[in-house]
Amino acid sequence: MFPLMLDTKKMTIGLVIEGDIGLGRLELMEAAQAQSLVIFSQDPEISKRAGKRLAGVRPGPGDLGDAVAVFIAGIDRPEADDLGALVRSEKRLLNVEDQRDLCDFHVPSMVRRGDLTLAIATGGKSPGMARRLRQYLESHFGPEWAGYLDDVAQRRITWRSQGLSLKQVSARVEAYIEEKGWLK
């Protein structure tokens, strides 16, 4: 596995989703500030929430537009197999909820504090362990960390504008975090 962070503001994401699990995927994309979603669902709650982003019940060839990655969630295995084959035939990245063998990528368990994202991945081997580690991190990295990140980001801009090298800025960030005692 190789961890990546996708900028969901710059790409289209496809969702083929049903039920609570599918709704969870939609909420995940909304939390990630996804700007362009193409959603397929027959679930009334998801359809209502999707609004104009709802493209239909199920995608056919070409229906996913320019989606880079597609999430399938809340779909039974035989149908997920068929949908996965369609997604792969169109050369898109695929994630099928709780079907590790169908996935091109896995979604880590995450703690979000503003733009700060802490991610825990088990390569799909133990979602329960990832969830427990996420809970641990949530208790140690509270909402104040969003402000800490914004504070450091502003200082970083100032230091870079003063002509400091990346190495010097990095050293100042380390010293500032230590001075503030945020990791004690």
A.B. asks: Are the side chain of R100 and the backbone of V96 linked by a donor-acceptor contact shorter than 3.5 Å?
C.D. replies: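 Judged by distance alone, no pair lies under 3.5 Å.
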
A.B. asks: Side-chain contact, heavy-atom cut-off 4.5 Å: I17 with L23?
C.D. replies: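 Side-chain contact under 4.5 Å: no.
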
A.B. asks: Mind checking the CG-CG spacing from L86 to D81? Nearest 0.5 Å is all I need.
C.D. replies: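 CG of D81 is found 13.0 Å from CG of L86.
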
A.B. asks: Salt bridge between K184 and E178, side-chain N to carboxylate O under 4.0 Å?
C.D. replies: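 Result for this pair is yes, salt bridge flagged.
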
A.B. asks: Indicate yes or no for a side-chain donor-acceptor contact from R88 to the backbone of L102 under 3.5 Å, with no hydrogens or angles considered.
C.D. replies: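 Here the side-chain-to-backbone pair exists.
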
A.B. asks: Would you call E179 and R172 a salt bridge, using N to O less than 4.0 angstrom?
C.D. replies: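 No, E179 and R172 are not salt-bridged.
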
A.B. asks: When rounded to the nearest 0.5 angstrom, what distance separates OG in S126 from CZ in R132?
C.D. replies: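 Taking OG in S126 and CZ in R132, the distance rounds to 12.5 Å.
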
A.B. asks: OG of S109 to CG of L137: how many Å apart, nearest 0.5 Å?
C.D. replies: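 That separation rounds to 8.5 Å.
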
A.B. asks: Nearest 0.5 Å, what's the CG-NE2 distance between L183 and H140?
C.D. replies: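 Taking CG in L183 and NE2 in H140, the distance rounds to 11.0 Å.
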
A.B. asks: Judged by atom type as modelled, is there a donor-acceptor pair below 3.5 Å linking the side chain of T158 to the main-chain atoms of Q154?
C.D. replies: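 Present.
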
A.B. asks: So, does D104 use its side chain to make a donor-acceptor pair with the main chain of L94 at under 3.5 Å?
C.D. replies: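 Flag set: sc D104 to bb L94 pair under 3.5 Å.
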
A.B. asks: Check whether any side-chain heavy atom of Y176 lies under 4.5 Å from a side-chain heavy atom of R155, and answer yes or no.
C.D. replies: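 Y176 reaches R155 side chain to side chain.
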
A.B. asks: Is the shortest heavy-atom distance from the side chain of V16 to the side chain of S41 under 4.5 Å?
C.D. replies: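 Contact flag for V16/S41 side chains = no.
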
A.B. asks: Under 4.5 Å between side-chain heavy atoms, hopping through other hydrophobics if needed: is there a path connecting L166 to I177?
C.D. replies: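 No.
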
A.B. asks: Donor-acceptor check, side chain of S47 to backbone of D43, threshold 3.5 angstrom: yes or no?
C.D. replies: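 Looks like yes, one N/O pair under 3.5 Å.
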
A.B. asks: Report the residues that fulfil side-chain hydrogen bond (donor to acceptor under 3.5 Å, both in side chains) with K9, sequence neighbours left out, ordered by chain and then residue number.
C.D. replies: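 Partners of K9 by the side-chain hydrogen bond (donor to acceptor under 3.5 Å, both in side chains) criterion, ordered by chain and then number, come out as Q33.
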
A.B. asks: Applying the 4.5 Å side-chain criterion to the ILVMFWY set and letting contacts propagate, would L37 and L93 be lumped into a single cluster?
C.D. replies: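 Cluster IDs for L37 and L93 match.
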
A.B. asks: Could you measure the distance from the CD atom of Q35 to the OG1 atom of T12? Nearest 0.5 Å is fine.
C.D. replies: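 These two atoms lie 10.5 Å from each other.
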
A.B. asks: Around atom CG of D151, are there more than 12 heavy atoms from other residues, nucleotides or ligands closer than 6.0 Å?
C.D. replies: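 Buried by this count: over 12 neighbours within 6.0 Å.
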
A.B. asks: How about CE on M11, more than 12 heavy atoms from neighbouring residues, nucleotides or ligands closer than 6.0 Å, or not?
C.D. replies: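 Counting neighbours around CE of M11, more than 12 heavy atoms of other residues, nucleotides or ligands fall under 6.0 Å, so yes.
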
A.B. asks: Are Q168 and S165 side-chain neighbours, meaning at least one heavy-atom pair lies under 4.5 Å?
C.D. replies: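 A side-chain contact under 4.5 Å exists here.
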
A.B. asks: Counting distance only, does the side-chain N/O of D150 pair as donor-acceptor with the main-chain N or O of G147 below 3.5 Å?
C.D. replies: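 No.
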
A.B. asks: Checking Q42 side chain against V57 main chain: does a donor-acceptor pair fall under 3.5 Å?
C.D. replies: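 Judged by distance alone, no pair lies under 3.5 Å.
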
A.B. asks: Under a single-linkage definition using a 4.5 Å side-chain heavy-atom cutoff for Ile, Leu, Val, Met, Phe, Trp and Tyr, are V68 and L6 assigned to the same hydrophobic cluster?
C.D. replies: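 In one cluster: yes.
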
A.B. asks: Quick one: CD on E144 to CG on L116, what's the gap to the nearest 0.5 Å?
C.D. replies: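 Rounded to the nearest 0.5 Å, the CD-CG separation comes out at 10.5 Å.
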
A.B. asks: Is the closest side-chain heavy-atom distance between E45 and K48 below 4.5 Å?
C.D. replies: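 Side chain of E45 against side chain of K48, heavy atoms only: no contact under 4.5 Å found.
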
A.B. asks: Pair I72, E97 - check side chain to side chain contact (heavy atoms under 4.5 Å, CB included), show working.
C.D. replies: CA-CA 6 Å; I72 297 173; E97 183 80 24; over 6 Å; no

A.B. asks: Can a donor-acceptor pair be found, under 3.5 Å and without considering hydrogens, that links the side chain of E90 to the backbone of V87?
C.D. replies: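 Such a contact is absent between E90 side chain and V87 backbone.
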
A.B. asks: So with a 6.0 Å cut-off around CG of D76, is the heavy-atom count from everything else above 12?
C.D. replies: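 Open.
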
A.B. asks: Do the charged groups of R77 and D101 touch, with an N to O distance under 4.0 Å?
C.D. replies: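 Between D101 and R77 there is a salt bridge, with a charged N closer than 4.0 Å to a carboxylate O.
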
A.B. asks: Is there a side-chain contact between R160 and V169, using heavy atoms and a 4.5 Å cut-off?
C.D. replies: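 They are in side-chain contact.
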
A.B. asks: Looking at R113 and F141, would you say the former's side chain and the latter's main chain have a donor-acceptor pair under 3.5 Å?
C.D. replies: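 Yes, R113 side chain to F141 backbone: donor-acceptor pair under 3.5 Å.
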
A.B. asks: Let's go through L133 and E138 carefully: what are the C-alpha distance in whole Å and the side-chain angles of both, what is the deciding distance for side chain to side chain contact (heavy atoms under 4.5 Å, CB included) to 0.1 Å, and is it a yes or a no?
C.D. replies: CA-CA 9 Å; L133 290 169; E138 284 174 337; over 6 Å; no

A.B. asks: Determine, stepwise, if the pair I13 / V70 fulfils side chain to side chain contact (heavy atoms under 4.5 Å, CB included).
C.D. replies: CA-CA 6 Å; I13 304 291; V70 177; over 6 Å; no

A.B. asks: Got a donor-acceptor contact below 3.5 angstrom from the N95 side chain to the F71 backbone?
C.D. replies: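 Such a contact is absent between N95 side chain and F71 backbone.
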
A.B. asks: Is E18 paired with R58 through a side-chain N to carboxylate O contact shorter than 4.0 Å?
C.D. replies: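 Result for this pair is yes, salt bridge flagged.
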
A.B. asks: Just so I know, are the side chains of F2 and L4 near enough to count as touching, which here means a heavy-atom distance under 4.5 Å?
C.D. replies: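 Touching, per the 4.5 Å side-chain cut-off.
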
A.B. asks: Going only through I, L, V, M, F, W and Y residues with side-chain contacts under 4.5 Å, is there a path from I120 to F105?
C.D. replies: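 Result: no, two separate clusters.
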
A.B. asks: More than 12 heavy atoms of other residues, nucleotides or ligands under 6.0 Å from CG of D115: yes or no?
C.D. replies: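 No, the 6.0 Å shell around CG holds no more than 12 heavy atoms from other groups.
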
A.B. asks: Decide yes or no for R134 and L118: does some side-chain heavy atom of the first lie under 4.5 Å from some side-chain heavy atom of the second?
C.D. replies: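 With C-beta onward as the side chain, the pair stays apart.
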
A.B. asks: Can you list every ring pair (Phe, Tyr, Trp, His ring centres under 6.0 Å) pair that touches residues 25-69, not counting sequence neighbours?
C.D. replies: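 Qualifying pairs: none.
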
A.B. asks: List the steps, then state whether side chain to side chain contact (heavy atoms under 4.5 Å, CB included) holds for L54 with V38.
C.D. replies: CA-CA 6 Å; L54 186 68; V38 57; over 6 Å; no

A.B. asks: Any chain of hydrophobic side-chain contacts (each under 4.5 Å) joining V152 to M5?
C.D. replies: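 No.
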
A.B. asks: Using a strict threshold of under 4.0 Å (side-chain N to carboxylate O), is an ion pair present between R49 and E27?
C.D. replies: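 A salt bridge is present here (some side-chain N lies under 4.0 Å from a carboxylate O).
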
